[in-house]
Student: 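Structure incoming, see below.
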Amino acid sequence: MSSRMLPSYTRSVAVIATIGLCLGFAFSNARLDTYSALLPLFEWMETTPFGVIGKTWGAVFATVQAVHLLAMAVLGGAILVSDGRLLSVIFTDVPQRQVQDACHRLFVWSLLLSIITGVFMACGVAIKVYYLNVFWYKMLALTVGVVFVFFVRRPLLRHDIENLNPWVLRMVAVASLMIWFSVAATGRWIGFSG
Amino acid sequence: MKETTEPQNTSNNASKDAQLAAVIASSVIAVGFVIYWTIQIQDMREMLALAYG
Amino acid sequence: MNQLIYEFATWLDTHSWSTQLHESFYMYNLVESTHVLALMVSLGMLFLIDLRMLGLAFVDIPATAIAHRLLLPMLIGFSVMIVTGLLLFYAIPVRTSQSLWFRIKVVLLIAAAVNAWLFHRRMQDADSSAGGSWDLAVKAPRRLQIGAALSLSFWVLIVICGRLIAYDWFDCRGEPSTFVSTITGCVADQTQF
């Protein structure tokens, strides 16, 4: 058997390595060191124009929050339809490719809008969120979600979806719903804390 | 024969890699999700027990 | 009218469940979080339909397929929003009923409901007159596009107003100007806020 015939598991190895690195980071001093090193960044964020506007103009802050919610609604819609199709509960008569590609485009735009408005909001309350555990859980969930979408889910769905194992697709859909629910729910809880 | 099967094999291998990566990542997310929300619910129950007995 | 609304709100406020819900940190926040997160189901689906009609998303998929398939999840989402919304009102009835933003939101909700009803009628008309030939076009007929644009605008404003309810700039307690006081329905010598 030639080496070309052996499957190359580069992506899988990369995923395992990333998980290992994350766990190593979480359970070592590096996490606390990074946390301390980030304080000046958050202090600076409050002094930026975003931070000043967010703190001074309550109406602007609230409107940006509302736009953040609207972006989240579109993001949620795109995710629900996309994962619903992977789970075969919606649009079962429309080809996977059409649904997934359309949802992904919408997902990218709404994610960009959520991140821009999210950064604005974080600048207005930077010191408050710096000391909130739930804020860091949200950032973790968001990072995991984004990495999952662009380095695992999307590359998987670029293959011929109809030929992929349906159980793998179901697992991906459930994990995607779990991670984005966590992003939204922890985000909502930031508002109640502190 | 070799010319027609090789690209197919490469594509099959890439698909297997992508699927395995997806299974690993999805499992880790699911485990993380269960751990996080179990702890949150547990914490909330403890707080409620402290407040109301 | 304002007197009547005030009396109704103060009557709701006398209910012990209303006070309990308002004062329960977890329960109130849980209801509010559900109200906000249900946005992803209700408005998420509605926006996808509207964006399809405007030719901005899902252009490869027939417009009526999008509108019909997403209707059920959208309605489920809206039902959750209505129930949780009513609970939120029930928890803080007096202040909410006299909130300028809440009042604007209710007007916009009625406008959005009328628009949705008209949109559905127009879609049925387009279906029967064009025999579904518009279904595969990138953009829906002009009348439906206007309906979709209006729906998007109404809901953007509704979400903004909903968010602004939390702010007390125009509350009756702050003794606003006569104009604001009239719109928000402040009652002379009111004892509860």
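All values below were derived from every heavy atom in this structure, side-chain atoms included, with hydrogens, water molecules and symmetry-related copies excluded. Protein chains get the first letters and strands the later ones, always in sequence-line order, with residue 1 at the start of each.
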Student: Let me know if W155(C) has heavy atoms under 4.5 Å from chain A in its side chain, its backbone, both or neither.
Tutor: backbone
Student: For F150(A), look at atom CZ and say whether over 12 heavy atoms of other residues, nucleotides or ligands are found less than 6.0 Å away.
Tutor: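 Yes, CZ of F150(A) has more than 12 neighbouring heavy atoms, counting only those of other groups under 6.0 Å.
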Student: Identify the two heavy atoms, one from Y167(C) and one from A62(A), that lie closest to each other, and give their separation to 0.1 Å.
Tutor: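 Nearest pair, atom of Y167(C) first, then A62(A): CE1-CB, 3.4 Å.
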Student: Which distance, rounded to the nearest 0.5 Å, do you find between the CZ of F58(C) and the CG of D101(A)?
Tutor: 10.5 Å
Student: Using non-hydrogen atoms only, which part of L51(C) is less than 4.5 Å away from chain A: side chain, backbone, both, or neither?
Tutor: side chain
Student: Using the rule given for side chain to side chain contact (heavy atoms under 4.5 Å, CB included), can you reason through V81(A) versus M45(C), listing the C-alpha separation, both sets of side-chain angles and the distance that settles it, and then say yes or no?
Tutor: CA-CA 8 Å; V81(A) 170; M45(C) 300 300 139; 4.1 Å; yes
Student: So which part of L69(A) gets closer than 4.5 Å to some heavy atom of chain C, the side chain, the backbone, both or neither?
Tutor: both
Student: Looking at R121(C), I want to see if its CZ is surrounded by more than 12 non-hydrogen atoms of other residues, nucleotides or ligands under 6.0 Å.
Tutor: no
Student: A quick test of your reading: do over 12 heavy atoms of other residues, nucleotides or ligands sit less than 6.0 Å from OH of Y137(A)?
Tutor: no
Student: Quick check for you: to the nearest 0.5 Å, what is the distance between L39(C) atom CG and L75(A) atom CG?
Tutor: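 Going from the CG atom of L39(C) to the CG atom of L75(A) covers 12.0 Å.
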Student: Any salt bridge between R69(C) and D93(A), counting N to O under 4.0 Å?
Tutor: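 Answer for the salt bridge query: yes.
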Student: Would you compute the distance between atom CD of Q98(A) and atom CD1 of I61(C) and round it to the nearest 0.5 angstrom?
Tutor: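 If we round to the nearest 0.5 Å, Q98(A):CD and I61(C):CD1 are 5.5 Å apart.
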Student: Look up atom CZ in F181(A) and atom CG in L37(C), then write down how far apart they are to the nearest 0.5 Å.
Tutor: 6.0 Å
Student: Take the angle between the ring planes of W189(A) and F25(C) and call it parallel below 30°, perpendicular above 60°, tilted in between.
Tutor: perpendicular
Student: Let me know if W109(A) has heavy atoms under 4.5 Å from chain C in its side chain, its backbone, both or neither.
Tutor: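 Neither part.
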Student: Look at L43(C), L46(C), L48(C) and state which one has the largest set of heavy-atom pairs under 4.5 Å with chain A.
Tutor: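 Of the candidates given, the most pairs with chain A belong to L48(C).
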Student: Atom CH2 of residue position W169(C) - does it have more than 12 heavy atoms of other residues, nucleotides or ligands inside 6.0 Å?
Tutor: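 Counting other residues, nucleotides and ligands, CH2 of W169(C) exceeds 12 neighbours.
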Student: Based on non-hydrogen pairs under 4.5 Å, which of I90(A), L106(A), V94(A) is most in contact with chain C?
Tutor: L106(A)
Student: Once rounded to the nearest 0.5 Å, what's the spacing between atom OG1 of T34(C) and atom CZ of R188(A)?
Tutor: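 It comes to 10.5 Å.
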Student: Going from CE on M40(C) to CD1 on I79(A), what distance comes out if it is rounded to the nearest 0.5 angstrom?
Tutor: 5.5 Å
Student: Write down the atom of F192(A), the atom of S33(C), and the distance for their closest heavy-atom approach.
Tutor: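 Nearest heavy atoms, F192(A) then S33(C): CE1-OG, 3.2 Å.
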Student: By a 4.5 Å heavy-atom criterion (distance strictly below it), what part of V99(A) contacts chain C: side chain, backbone, both, or neither?
Tutor: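 For V99(A), backbone and side chain are both near chain C.
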Student: Above 12 or not: heavy atoms from other molecules or residues under 6.0 Å from CZ of F151(A)?
Tutor: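 It does not: F151(A) CZ has 12 such atoms or fewer within range.
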